[in-house]
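Take a look at the structure below.
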Amino acid sequence: MRRRLGASRRSPLTVADEGALLRICASDRDIRPTTGRDLIVEADALRRLCHRYRDKVDPRGVTLRHATIDGGLDLSGMAVPFPLRFLDCAFSDPLVVDGADLAQLTLDGCALPGLIGNGLRVRRDLDLSRSTINGAHATPASTSRAAAVWLCESEIGGRLLCVDTRIDSGGERAIQADRMRVGGTVRLLHEFTAYGELRLLGARIEGSLDFTGARLDRSGDGLALDLGDATIGGSLFLIDSQEGRRASINGRVDMGNARIAGQLLLRNATILPGEPVAEGRGYARARKGGSAISAPGLFVGGDVSFEGGCHIGGGIDFSVGDIGRVRVARDCRLEAPGGRALDLSNAELRSSVVFDEGTRVQGTLRLSGANIRGNLLLRDTEWCRPEDLSLIAAQAAVVAGDVDLRGVRATGGQLGFRSAILGGVLDAHGARLENTGGRTLTLHQAVVKGSVLLCAGFESHGSVKLSRCTIEGRLDCRDGVFSHRPEAGGEGGGHALEVVSATIRGGMYLGWRRISPSVDLTGASTTLLADDPGNWPDRFVVSGLTYDRFEVAPGTGRGSGWNWRARCDWLARQASFDAGPYEQAARVFRQHGYAGEAENILIRQHRHARRTAAMSRPGTSAWTRARARMRFWLDGVYGLTVGYGYRPGRTLWLLLALLTLVGGMLLAAPVQSTMRATDARGNTYSPSGRLVTVDPVVPALEQPAHADARQAGPTGDYATRADDPPHLDPCGDGQVRCFNPVFYSIDTVIPLVSLEQRSTWYPNEHSGLGALVSVVLHVATLLGWLLSTVVVLAFARLARNTQP
């Protein structure tokens, strides 16, 4: 029953004497009106009773029921050793208990314009259940705002009960209880409704703080609940009642640097902070703006749980906090479009961060610098409308366990783990990430101690950046889709997948389903490269990519990865020619016993380089263009003849062909007829015999005794007449070496040996055919020198390459 003065037409019974009150208390514990009459108790009489006769009042205390307290009841500074109970009473003026020491104060079902109890000490419970408190009053405890209930620096030994209580401050604070101490629980339950801010700044509550079914309405905007620096020995509950009444806060919640020993549970709760404004007076102005729940530095000994159908219409700030676990249930809605839906920057999470499957979040999950000792579980969640294009901002975060991104749907931003340390697997199979023109997933400079799985239906419509990261496990892109459409000024670059200078120790499995427009693996390092060479995009960069082996397909000896032709076709499609990838592939082939395939790859490398040089601009001057053309043709000849040094056997065949050509030429009678030889005496020979005799050789026994001394030569031999007939001995009686076409060919073509054929026989250049033969022999000698030199150098190079 709520009763106001003058509300009844019946003749009231007025009690203005404390003695009468004492007599009533002696006869009946409850002070209540008689039948048919209203009871009015003078506030002064009640005060005198508590002051003068407190020793005579029964320890069970004074109970007023259905009474009207007329006047201002002021118990400031008084010590009342017995309980005071007001049941369904009405107060004409605020109840003032500043600095009072009460055994117990109960205002159950009462109507009063205010409660002023700064410095109040209640040894047992302070019960305001089912009461209605209207109005607001200023006190010296605050210079900026008024409040309906003042309990600053109060001490309540038992509980603070506000079950079904209604407080309307008219736009001011509903309760201001800075630095209040409560030995039990604070229960603001069921139909509890407060129009105005609840300020419990620095309060210390030994039990739990329970807002089951409560509704806090901060008219307009601003703080609805201020628990800054508060300490709660139990848990904090903002949950729905058994009757289904949702807990709701129309305004913001501040729990900065608060400590909750138990858990923080929000279930079927609604927090709608409204738009921040800059209005306010004094210190209140500085506390405006921010998140729906602003709790930087929050300590929670247990879990922080958002269960049921929670609706948080703004950001949640748990930065620099120390929390056991954070869990967001499936039906919860975290809505902070363009802002931070959940901020755990630099927070310490003693367990996991869990978003149940099906959770939808508008805004950013910020984990920068956070230390998560468990897992980050975001499986089958949906994310959109982020802050600064980052749906997950986990720069320099540490996650001891796995990062579960399976089935995630992310639109309009990236999942960023720049410089993060992930202790387990990052699993994103089946995820769909869409950020057209920007990045979708970033692991730049991150360390992943497990594997990175972008496979089994993973789709990225944007750039995936894994540059300079270290992955202890494998990078698995099998059956993934990577597409990127770079926009002018976008941050994603031009590559659908960027793995620059990354280290992947468990191998790279690049069997993607589709990827466009390009891939950049510059400077990446891995142990195993498992891919389909024909499934790469039209443009890619693999300069500096190093690996130890290719994937071997089951049931085959070499597998598709060991097809050197496919590898060469793959390397030929590089965005720009680089010899390094060819050499890397050849090195791997050679190390695994495929020396011939390695040489084929290196030959293809030189061919590619030749084509690239031909397509490049040689210069503007004629001399530069001429040199470029000469290099092009010489390089082509080098490739055709000896396979750029990797096919020296071809030179042997060329030498054999040249020998055959020269030998066949020398076997021809017209050519032999041009060949000449001259002995030391000047006699001239042809392959058929001596042609010119200048000083014949005559045996000493056959010399005539009457020979004229004037005809003797310097050696004592005698010459015949010049018109002596030719001698038909082709070797000149042993004075010249016999002509042999085979040995002459070898002596001409192979400069490494000398059979004294070329030094003995020469073509007669005075005849036309002889001059031509002389030119052909000189050219054959030059070609022989060139081919022999190439053979020597090629074999020397191969000998060096085969050294261990």
Run Asp74 and Ser76 through side-chain hydrogen bond (donor to acceptor under 3.5 Å, both in side chains) and show every step you take. CA-CA 6 Å; Asp74 189 349; Ser76 300; 2.5 Å; yes
Thr165 and Leu188: side chain to side chain contact (heavy atoms under 4.5 Å, CB included), yes or no, with the steps? CA-CA 8 Å; Thr165 303; Leu188 312 176; over 6 Å; no
Between Asp229 and Arg179, does a salt bridge (Lys or Arg N to Asp or Glu O under 4.0 Å) hold up when you go through it step by step? CA-CA 9 Å; Asp229 299 308; Arg179 297 167 298 282; over 6 Å; no
Take Asp88 and Arg65 through the test salt bridge (Lys or Arg N to Asp or Glu O under 4.0 Å) and record every step on the way to the result. CA-CA 6 Å; Asp88 297 315; Arg65 190 184 300 271; 5.3 Å; no
Candidate pair Ser390 and Asp388, rule side-chain hydrogen bond (donor to acceptor under 3.5 Å, both in side chains), full reasoning: CA-CA 6 Å; Ser390 291; Asp388 297 331; over 6 Å; no
Working for side-chain hydrogen bond (donor to acceptor under 3.5 Å, both in side chains), residues Asn371 and Glu348: CA-CA 5 Å; Asn371 184 10; Glu348 185 78 17; 3.1 Å; yes
Evaluate the criterion salt bridge (Lys or Arg N to Asp or Glu O under 4.0 Å) for residue pair Arg327 and Glu307; output intermediate values, then yes/no. CA-CA 8 Å; Arg327 176 178 175 266; Glu307 298 181 355; 3.8 Å; yes
Would Asp356 and Arg330 count as a salt bridge (Lys or Arg N to Asp or Glu O under 4.0 Å) if you check the C-alpha gap in whole Å, the side-chain angles of each, and the deciding distance to 0.1 Å? CA-CA 5 Å; Asp356 286 355; Arg330 172 176 182 172; over 6 Å; no
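Under the side-chain hydrogen bond (donor to acceptor under 3.5 Å, both in side chains) rule, Thr270 has a single partner from Arg333, His311, Arg246, which is Arg246. Partner Ile316 forms a side chain to side chain contact (heavy atoms under 4.5 Å, CB included) with one of Leu334, Leu266, Asp343 and no other, that one being Leu334.
Summarising the geometry of Ala141 relative to Trp150, their closest heavy-atom pair is CB-CZ3, 3.8 Å, with the distance given to 0.1 Å. The heavy-atom pair separating Ser92 from Gly71 by the smallest distance is OG-N, 2.7 Å. Residues Pro386 and Leu391 share a closest heavy-atom pair of CB-CD2, 3.4 Å. The two atoms that bring Met78 and Cys50 nearest to each other are CE-C, 3.6 Å, heavy atoms only. Pairing each heavy atom of His137 with each of Ile116, the nearest pair is CB-CD1, 4.2 Å. Across Leu227 and Ala258, no two heavy atoms sit closer than the pair O-CB, 3.5 Å.
Atoms CD and CD, on Glu382 and Gln362 in that order, are 10.5 Å from each other to the nearest 0.5 Å.
Residue Arg245 qualifies as enclosed at atom CZ: its count of foreign heavy atoms under 6.0 Å is above 12. The number of heavy atoms from other shown groups lying within 6.0 Å of CD (Glu243) is above 12. Remark: Arg409 CZ is packed, more than 12 non-hydrogen atoms of other residues, nucleotides or ligands lying under 6.0 Å away.
A heavy-atom distance below 4.5 Å is not found between the side chains of Ile249 and Phe211. At least one side-chain heavy atom of Leu264 sits less than 4.5 Å from a side-chain heavy atom of Phe318. Thr106 has its side chain out of reach of Asp125: every pair of non-hydrogen atoms, C-beta onward, lies at least 4.5 Å apart. Counting heavy atoms from C-beta outward, Leu126 and Leu151 have side chains that approach closer than 4.5 Å. The side-chain heavy atoms of Arg145 and Arg199, taken from C-beta on, include no pair separated by under 4.5 Å. No side-chain heavy atom of Arg373 sits less than 4.5 Å from a side-chain heavy atom of Leu349. At least one side-chain heavy atom of Ile69 sits under 4.5 Å from a side-chain heavy atom of Leu64. The shortest side-chain heavy-atom distance between Asp108 and Arg85 does not fall under the 4.5 Å cut-off.
The ring pair (Phe, Tyr, Trp, His ring centres under 6.0 Å) check on Phe192 picks up nothing, with sequence neighbours excluded. For Asp404, the salt bridge (charged side-chain N to carboxylate O under 4.0 Å, His left out) partners are Arg406, not counting sequence neighbours.
Between the side chains of Asp210 and Thr212, at least one donor-acceptor pair of N or O atoms lies under 3.5 Å.
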